[in-house]
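Before any comments, here is the structure.
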Protein chains: 2
Amino acid sequence: MSQYGIRPSAQRVAIARYVLATDQHPTAEQVWSRVRATFPTVSRATVYNTLQLFKQHGLLLEHELGGGSAVFDPNVEPHHHFVDDETGEIRDIPWSAIAVGDVQLPDVQVREYSVVVRGRRADAP
Amino acid sequence: MSQYGIRPSAQRVAIARYVLATDQHPTAEQVWSRVRATFPTVSRATVYNTLQLFKQHGLLLEHELGGGSAVFDPNVEPHHHFVDDETGEIRDIPWSAIAVGDVQLPDVQVREYSVVVRGRRADAP
DNA sequence: CTCAGATTTAGACTTAATCTACATCTGTTG
DNA sequence: CAACAGATGTAGATTAAGTCTAAATCTGAG
């Protein structure tokens, strides 16, 4: 973590161990709740601050995909997303799984783009 | 409006006149604020309820594209979105402007998909 | 006209997220 | 090692979006 210029405090390490390893796309509140299991005194503000810090240093991406709250994703490579209409669950889709042609818009410098897919599990009841 | 089985109360007409005609992608709070200018007694609950009603009847789409709040869009045809990193402004992109290949995911029934593009205006300071 | 059901209202409530003021920790310097 | 400054963390207040509730009002069928 220090390679990124982030001082590895105990709180930050506890947060990192969870959020940099999960593929669950947790919300900030879910991260807080999860981290408190092993670090009961960690405050909400520290979790929110640390998530923003990780994001600023390129360790995390923050997505808003519905459900009313932002989720965090340690997969910082370009990829697409699937959102389950019924459960809200989010799944990463590999970049190569969807072919997207040139994205050029008049008067726009494109920084990034991705496809958001919504639907349901084929075997859902 | 009655063709859709929606009783056209004065409040609903006032809301519809704004939100079904705009391309500004307003949030619910912005709709409320805008409608109050011509209908000062309309309540927040009515605006929220009516937006959901219009959405359920296919007159509106609701998008979450960052900025922390949902926006409403009377353009219900498939299309993509551009989000300005600096202003948060949202612009519709015609479906035909971006070529997207087959979207097929294992064990998933796809209901819809679209591309979200982020960047800045080319002439921004 | 009456009344049941639909609609609206004001305000309380919930939740995510941010902010603030103070406390604590840590690395550096003497 | 001790002291200090800056970085980090804390609890709790605050804000903002959105939802809910109970009561009031409207509307149209009979």
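Naming convention: chains lettered A, B, ... in sequence-line order (proteins, then strands); numbering from 1 in each chain.
Salt-bridge check for A:E86 with A:R121: failed, with every basic side-chain N at 4.0 Å or more from each acidic carboxylate O.
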Could you write nucleotides 6-18 of chain D as a row of B, S and -, 5' to 3', where a protein heavy atom under 4.0 Å of any base atom gives B, of only sugar-phosphate atoms gives S, and otherwise -? -SSSBB-----SB
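In this structure, B:H25 NE2 and B:L65 CG are separated by 8.0 Å, a value rounded to the nearest 0.5 Å.
Separating the CG atom of B:L51 from the C1' atom of D:dT19 is a distance of 14 Å, rounded to the nearest angstrom. Spacing between atom CG of A:L53 and atom P of C:dT18 amounts to 14 Å, rounded to whole angstrom units. Here the P atom of nucleotide C:dA16 and the CG atom of A:L65 are 17 Å apart, to the nearest Å.
Put simply, the side chain of A:Q30 reaches to within 4.5 Å of the side chain of A:T27, judged on heavy atoms.
Sorted by first and then second residue, the ring pair (Phe, Tyr, Trp, His ring centres under 6.0 Å) pairs involving residues 99-123 of chain A (not counting sequence neighbours) are A:W95-A:Y113. Residue pairs satisfying the salt bridge (Lys or Arg N to Asp or Glu O under 4.0 Å) criterion with at least one member in residues 58-75 of chain B, sequence neighbours excluded, are listed as follows: B:K55-B:E62.
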